[in-house]
J.: 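Dumping the structure here so I can ask a few things about it.
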Amino acid sequence: MKPLTLFKSLADDTRLKCMLLIKDQGELCVCELMEALDQGQPKVSRNLALLRSESMLQSSKQGQWVYYSLHPDLPTWVCELLETTLQSSPETISINLQSLEKMGDRPERLSLCCD
């Protein structure tokens with residue numbers, strides 16, 4: 001991955017927060033990201049598709065829902081950059097994480113909305 005590609009992709013607030021939330025949580029479905037970001041499905045999906053097209057994310061489909069995780073072939077320096085950003089600026093996604101936590105019991109919620 002070229003640095004310019006990464007930084008252009010992460011220059012958008014929605015895409016940056018998606019990457020940081022997924023880095024923090026390991027894997028998130030579209031409905032979780034919609035809740036965390038307080039954004040509609042079209043906007044979230046459009047940004048996720050761009051990140052996937054740049055091989056920054058991978059997706060897996062379960063029923064009607066798509067789950068996203070960091071692409072396993074991301075260079076180490078990209079993963080380190082994301083981790084450093086999380087550690088040095090937790091406020092970047094703190095409100096988003098609070099919104100995610102308010103969704104209730106996540107394993108139960110996952111079985112209800114994401115299967």
Side-chain angles (χ1 to χ4, degrees):
M1 166 165 292
K2 296 180 181 180
L4 184 58
T5 301
L6 174 78
F7 291 115
K8 281 184 175 183
S9 295
L10 298 183
D12 177 84
D13 189 55
T14 298
R15 291 190 295 270
L16 173 62
K17 287 182 178 183
C18 283
M19 290 294 290
L20 293 175
L21 286 163
I22 291 168
K23 172 71 173 157
D24 183 74
Q25 299 292 301
E27 179 181 70
L28 291 171
C29 72
V30 174
C31 65
E32 290 173 303
L33 289 163
M34 288 169 49
E35 183 71 25
L37 299 169
D38 191 28
Q39 294 181 2
Q41 182 271 326
K43 183 173 182 178
V44 171
S45 292
R46 183 174 57 251
N47 282 290
L48 292 170
L50 188 143
L51 293 168
R52 194 177 67 217
S53 74
E54 297 293 344
S55 298
M56 297 173 70
L57 294 177
Q58 67 177 3
S59 63
S60 62
K61 189 166 181 163
Q62 296 179 18
Q64 70 184 46
W65 294 96
V66 179
Y67 292 85
Y68 290 86
S69 58
L70 296 181
H71 197 286
D73 295 332
L74 271 180
T76 302
W77 68 269
V78 174
C79 295
E80 290 172 354
L81 177 70
L82 293 170
E83 184 61 34
T84 299
T85 303
L86 281 172
Q87 296 299 317
S88 64
S89 301
E91 70 280 358
T92 304
I93 60 167
S94 60
I95 291 172
N96 308 104
L97 288 171
Q98 289 172 12
S99 295
L100 195 55
E101 289 172 15
K102 289 179 185 175
M103 291 180 81
D105 185 37
R106 289 181 66 186
E108 182 178 313
R109 187 201 57 71
L110 285 175
S111 67
L112 291 175
C113 85
C114 300
D115 286 344

J.: Between Q62 and C29, is a side-chain contact (heavy atoms from CB on, under 4.5 Å) present by the stated rule, with each step listed?
T.: CA-CA 10 Å; Q62 296 179 18; C29 72; over 6 Å; no

J.: Under the side-chain hydrogen bond (donor to acceptor under 3.5 Å, both in side chains) rule, what pairs show up with a residue in residues 88-99, not counting sequence neighbours?
T.: none

J.: For S45, check side-chain contact (heavy atoms from CB on, under 4.5 Å) against everything at least two apart and list the hits.
T.: V30, Q41

J.: Decide whether L81 and L4 are clustered together by the hydrophobic rule: side chain heavy atoms of Ile, Leu, Val, Met, Phe, Trp, Tyr closer than 4.5 Å, transitively.
T.: no

J.: When rounded to the nearest 0.5 angstrom, what is the spacing between CZ in F7 and CE in M1?
T.: 10.5 Å

J.: So do the side chains of I22 and L51 get within less than 4.5 Å of each other, counting heavy atoms only?
T.: no

J.: If Ile, Leu, Val, Met, Phe, Trp and Tyr residues are connected whenever their side-chain heavy atoms lie under 4.5 Å apart, and connections chain through other members, are L6 and L86 in the same group?
T.: yes

J.: Mind checking whether L70 and L100 sit in one hydrophobic cluster, side chains of I, L, V, M, F, W, Y counted as touching below 4.5 Å?
T.: yes

J.: Please check if V44 and L97 belong to a single hydrophobic cluster, counting links between Ile, Leu, Val, Met, Phe, Trp and Tyr side chain heavy atoms closer than 4.5 Å.
T.: yes

J.: May I have all residue pairs that pass side-chain hydrogen bond (donor to acceptor under 3.5 Å, both in side chains) and include part of residues 73-85, sequence neighbours excluded?
T.: E83-Q87

J.: What distance separates L21 CG from K23 NZ, expressed to the nearest 0.5 Å?
T.: 13.0 Å

J.: Which salt bridge (charged side-chain N to carboxylate O under 4.0 Å, His left out) pairs, counting each pair once, include a residue from residues 42-62, with sequence neighbours left out?
T.: none

J.: Just how far is it from atom CG of L48 to atom OH of Y68, taken to the nearest 0.5 Å?
T.: 5.0 Å

J.: Tell me, please, which residues at least two apart from S69 pass side-chain hydrogen bond (donor to acceptor under 3.5 Å, both in side chains).
T.: Q58

J.: When rounded to the nearest 0.5 angstrom, what is the spacing between CG in L74 and CG in L57?
T.: 7.5 Å

J.: Nearest 0.5 Å, please: how far is SG in C79 from NE2 in H71?
T.: 11.5 Å

J.: CD1/I95 to CD1/I93 distance, rounded to the nearest 0.5 angstrom?
T.: 11.5 Å

J.: Starting from L28, can I reach M34 by hopping between I/L/V/M/F/W/Y residues whose side chains sit under 4.5 Å apart?
T.: yes

J.: Could you list the residues that satisfy side-chain hydrogen bond (donor to acceptor under 3.5 Å, both in side chains) with S9, not counting sequence neighbours?
T.: none

J.: With a 4.5 Å limit on heavy-atom distance, are the side chains of M56 and L10 in contact?
T.: yes

J.: Can you sort out the partners of D13 under salt bridge (Lys or Arg N to Asp or Glu O under 4.0 Å), two or more places apart, ordered by chain and number?
T.: K17

